[in-house]
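Working notes for the structure below.
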Amino acid sequence: MQKSFNPAEIEADAQSYWEQHQSFKATEDTEREKFYCLSMFPYPSGKLHMGHVRNYTIGDVISRYQRMQGKNVLQPMGWDAFGLPAEGAAIKNKMPPASWTYSNIEYMKGQLKQLGFGYDWSRELATCQPEYYKWEQWLFTELYRRDLVYKKNSMVNWDPVDQTVLANEQVIDGRGWRSGALVERREIPQWFIKITDYAEELLSEMDHMDGWPEKVRTMQRNWIGKSHGVRFAFPYELDGKAEQLWVYTTRADTIMGVTFCAVAAEHPLAQHAAKDNPELAAFIDECLQGGVAEADLATMEKKGIPTGISVTHPLTGEQIPVWVGNYVLWGYGDGAVMAVPAHDERDFHFAKGYDLPIIQVIDIEGETFSTDAWQEWYADKERGVCVNSDKYDGLNYLDAVNAIASDLEAKELGEKQVQYRLRDWGVSRQRYWGAPIPMINCPKCGTVPVPKEDLPVVLPEDVEFDASGGSPIKKMPEWFQTTCPECGGDAERETDTFDTFMESSWYYARYTCADASDSMLDQRANYWLPVDHYIGGIEHAILHLLYARFYHKLLRDVGLINCNEPFQRLLTQGMVIADTYYRMDDAGHRHWFNPSDVDVTYDEKGRVTAAKLQSDGEAVEIGGVEKMSKSKNNGVDPQEMVQRYGADTVRLYTMFTSPPDQSLEWSDEGVDGAYRFLKRMWALAANMHDAGIEPKPIAEIVSSLTASQQDARREIHTALKQASFDYSRQQFNTVVSACMKIVNTLYKLGASDTDQALLREGMGITLRLLGPISPHTTHYLWKKLGYGDNILESEWPQADESALKQDTVQYVVQVNGKVRAKIQVAADTTKDAIQQAALADNNVQKFIGDNPIKKVIVVPNKLVNIVA
RNA sequence: GCCCGGGUGGCGGAAUUGGUAGACGCAGCGGAUUUAAAAUCCGCCGGCCUAACGGCCGUGCCGGUUCAAGUCCGGCCCUGGGCACCA
């Protein structure tokens, strides 16, 4: 057998073996326990990045592990092929988004194959294929019939120069990325799906979703944001007509402290007041500048202006001035709020800024209220009681809310209401590269959904982009002019396309029956679903995962599937990060250098002393560790790594360096270390092979092991036990370290028959433990060393409990919680005898001194703590 | 601004979930092999004090609970992710 480890050769061999034997083709088999393992599919951006490699390695490790546990595993792969970057590339490269996308897919598919991922490629799909998006178009029309879809006005970022809608990502510091013009908020009609109808189920179901990380569940709960409050009205008169200003509050107990109301710039009341108030009109215009992203809105300086209109407090009858505030969001609730500056931090600062009255209506015993500065306790609803509130004085939060709500209800000016922060899902995009929304606007019949037999509405792929970035189909009458399915008259198609989350919300289900041509899903979906294990980036914790859960319930309610949730278990992987290096130019701009072009030197303690650019030998600045990105030029190309070290090393490194849910710091030296381990294992195997010894089975020699051989075997089985446990909890870094420990132990064995038998046992264990992680090398060695034909079909190793037993046990002896001695006692020693032995130790006695012994704690097989 | 994470040696991380802090690896140092280098193998490797035995300190900071805290509780600091049109 070859002495040197040659990954390129054995990896190609293993891959063609899997291909020939169709090792990963999954077939429905009700006799076997199924396991559906899914990694989030990639956007075909051009080539794989390390984040993909990490994600897909985790998924492949889980798939192969489950398969070796005997499960019927499905692991598919596909392409999230619609999206904004393809349009940018189209303008830049003067090629249609479709051809750019398809060529990226082809290249990236080759990369995935080189990495040895065990996918069932027969189920591959790309979301830009009409056979795929046809079904979500159909579902949308179905939802329209079920009254789960509606159209309403909604805000977008408008670039006044390019005359186009911008994504939040395309708004940089309030300006359009291409034109540099100040962005405006503009309302346009858009399609929505009623996810809020499912808010309660989406929320309550999460209580049972034990397979999801608690942090993701918490994030989703907060996103849905269920709150109990009171919706009520301030009556007022406008032009002699009785009107009502409606607001929602979770703090009805503070209603007696309202000193003003604030409405959003878009609110009808504000619009009305601005008619003969140029200052207000100017302010409203100002409010409409800037993007729609919530982070921008929430960090803006809080500004306002009075409308000159007053409303009547529904309980006190007082006149309350109404302001327009830039911090009040139109589209949340009623776009208006009651302001209680004494007990709401935002209102407090606003009132201080504009010299509005602040009236304390909540008090906590022992605290002193003052209007000088905001104090956290002002908002404490748990401990506070009402003051300055007439008949409500002395009531606690709950009693006050109940009393106030029923008083408002009696006046027919309000009632208790449950509200959600969650908003309906806006699915319209004014872009080209997406699935057309299957709706037709007929001047006679209004909105008419495209009938099933006319689906799909195919997006034309051969198009040209102009520099403004506007959608080509909006300028293609030959495409959008059509006839009305109902009256047959002239009509126009909807030219907006779907949000790409529409495609990524159901692909997991389509994989189960990717070739179904008569329906969206067929019975196979009920065999494979739910996905047993879903793996993807933490950045998808809310939006994608919530939309997919919602979609799943829609699919269930139209009768296509019969389970409630799509993803049984979820693993959110951390980011891949790397060092950054830069030089500052005279203008103060940073120029970033790729880590592979920089040499780093260390002092004798191993600390970094300097970094120099290889090309000129001059120093560069060290910029810290950041997420791999183009802008910081700190990306490492997986392709290059696979060529240099082989896929197994790259996979091993990514699994070993961090636990899957934490960020992974790239280090070239660390990759060397992973490579070194595989070479070390290879060398050991080559020696075993060439020695040609056929040792006796371990069972025959286990009774004749020497003490040191017993120690070696215990180390091997302890590591095996730990690794099996770590597989079950998906901590793969310690699985790898267990393999390293075993190999280190095996290196210390000699040439005797018994040592060789141990070696054979240990190598067999290591190969199977490492099999899911570095599949090519282990596939080769398993066969070459004669363990079997196909490691994927082998039996998972079990730790031998008898090997773990020890004759003597080490106890740590503490005096007052500090370690003072270590004693060795026979395994069957009684508690009393252990205590005696601990007290007999000289150093222990020294620290007890003359103090009386108050207490002795003995933790079996661990420690003795003497309290003196 | 709001929501959710994370801070352990020079570095990545481990500590079987309250019981010996630093497994495994990287970097570094020393040795073997070599004419030499690479590769490989072996050893050392938190800080301070000590000739040694050993001692003191140490898991972002301050405080608490406990026989015992990296782990639990309260407060603070730093740092990463998400915020609905990036995917």
Side-chain angles (χ1 to χ4, degrees), chain A residues 40 42-43 45 80 82-85 156-157 165-171 213-216 218-219 221-223 225 291-300 302 327 345-346 421-423 425-426 428-431 499-501 504 537-544 546-547 572 574-575 577 600 602-608 626-627 653 656-659 661-674 676-677 679-680 683 721-722 725-726 729 731 733-734 736-741 744 747 810-814 816-819 822 843 854-857 859 862-863 865-867:
Chain A
M40 289 180 186
Y43 177 76
S45 54
D80 190 11
F82 277 137
L84 192 55
V156 293
N157 301 305
V165 175
L166 299 177
N168 283 340
E169 188 191 51
Q170 297 171 320
V171 179
E214 194 52 52
K215 63 172 170 182
V216 177
T218 309
M219 280 192 261
R221 279 194 194 102
N222 289 333
W223 186 261
V292 297
E294 193 191 323
D296 297 332
L297 297 171
T299 50
M300 272 184 327
K302 311 279 174 286
Y327 66 97
E345 191 170 359
R346 241 177 2 190
R421 206 186 73 97
L422 183 68
R423 308 198 295 255
W425 178 11
S428 296
R429 298 292 180 269
Q430 297 67 44
R431 309 198 196 296
D499 176 6
T500 57
F501 279 126
S504 57
I538 182 69
E539 66 275 18
H540 297 292
I542 297 174
L543 291 178
H544 162 62
L546 192 66
Y547 290 139
T572 51
M575 297 179 309
I577 58 182
V600 178
Y602 304 90
D603 66 10
E604 76 283 355
K605 293 239 171 168
R607 276 180 289 239
V608 174
E626 307 242 20
K627 181 177 178 175
Y653 173 74
F656 177 56
T657 303
S658 317
D661 57 347
Q662 286 177 31
S663 60
L664 182 152
E665 189 174 323
W666 193 266
S667 137
D668 286 345
E669 291 78 13
V671 182
D672 278 329
R676 207 171 294 149
F677 169 69
K679 282 193 287 187
R680 213 167 129 79
K721 194 177 178 181
Q722 178 225 307
F725 174 69
D726 290 340
R729 63 168 172 163
Q731 189 173 285
N733 54 330
T734 47
V736 176
S737 83
C739 292
M740 289 171 168
K741 280 182 202 174
N744 287 343
Y747 257 79
Q810 181 188 264
Y811 274 80
V812 165
V813 184
Q814 299 181 331
N816 295 324
K818 289 193 182 236
V819 180
K822 288 169 186 178
N843 204 42
K854 292 183 196 138
K855 198 174 181 182
V856 179
I857 289 127
V859 181
K862 284 250 164 71
L863 63 73
N865 190 12
I866 298 160
V867 187

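Side chains included, hydrogens not; waters and symmetry mates left out as well; all remaining heavy atoms used. Numbers restart at 1 for each chain; the letters A, B, ... are given by sequence-line order, proteins then strands.
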Taking atom C1' in both B:G64 and B:A69, compute the distance separating them and give it to the nearest angstrom. 11 Å
If you measure from the P atom in B:A15 to the same atom in B:A84, how many Å do you get, rounded? 37 Å
Taking a pair to mean Watson-Crick or G-U wobble geometry with both distances below 3.5 Å, B:G18 pairs with none
Within the pair A:K215 and B:G5, is there a side-chain N or O less than 4.0 Å away from OP1 or OP2? no
So if I define the base as every atom that isn't primed, P, OP1 or OP2, how would nucleotides 12-19 of chain B read as a B/S/- string at a heavy-atom cutoff under 4.0 Å? BSSS-B-B
Please round to the nearest 0.5 Å and tell me the distance separating atom CG of A:D668 and atom OH of A:Y653. 8.0 Å
Would you say a side-chain N or O of A:N222 is under 4.0 Å from OP1 or OP2 of B:C4? yes
Looking only at side-chain N and O atoms, does A:K627 come under 4.0 Å of OP1 or OP2 in B:G81? no
How far, in whole Å, is B:C77 from B:A14 if one measures between their C1' atoms? 26 Å
Check whether any side-chain nitrogen or oxygen of A:R676 sits under 4.0 Å from OP1 or OP2 of B:A39, and answer yes or no. no
Pairing partner of B:A27 (Watson-Crick or G-U wobble, both distances under 3.5 Å): none
Nearest-angstrom distance, P atom, B:G10 to B:C4: 33 Å
Which base, if any, makes a Watson-Crick or G-U wobble pair with B:C2, both distances under 3.5 Å? B:G82
Using the side-chain heavy atoms of A:A167, tell me which of these nucleotides is nearest: B:C24, B:C86, B:G80. B:C86
Could you tell me which nucleotide pairs with B:C76 by Watson-Crick or G-U wobble geometry, both distances under 3.5 Å, or answer none if nothing does? B:G60
Could you tell me how far B:U79 sits from B:A32 if I compare only their C1' atoms? Round to whole Å. 45 Å
Tell me whether the OP1 or OP2 atom of B:C41 has a side-chain N or O from A:R680 closer than 4.0 Å. yes
Could you work out the separation of B:U71 and B:U16 based on their P atoms and round it to a whole Å? 13 Å
Chi-angle category of B:U17 [syn within 90° of 0, anti beyond]: syn
Paired with B:U40 by Watson-Crick or G-U wobble geometry, both distances under 3.5 Å: which nucleotide is it? B:A32
Aromatic ring centroids of A:F501 and A:W425 under 6.0 Å? no
What is the separation between atom CD on A:E669 and atom P on B:G28, rounded to the nearest whole Å? 8 Å
Do A:I538 and A:V216 touch side chain to side chain, with heavy atoms closer than 4.5 Å? yes
Counting only side-chain N and O atoms of A:K679, is one of them less than 4.0 Å from OP1 or OP2 of B:C41? no
Which whole-number value in Å describes the distance from A:Y327 OH to B:C2 P? 15 Å
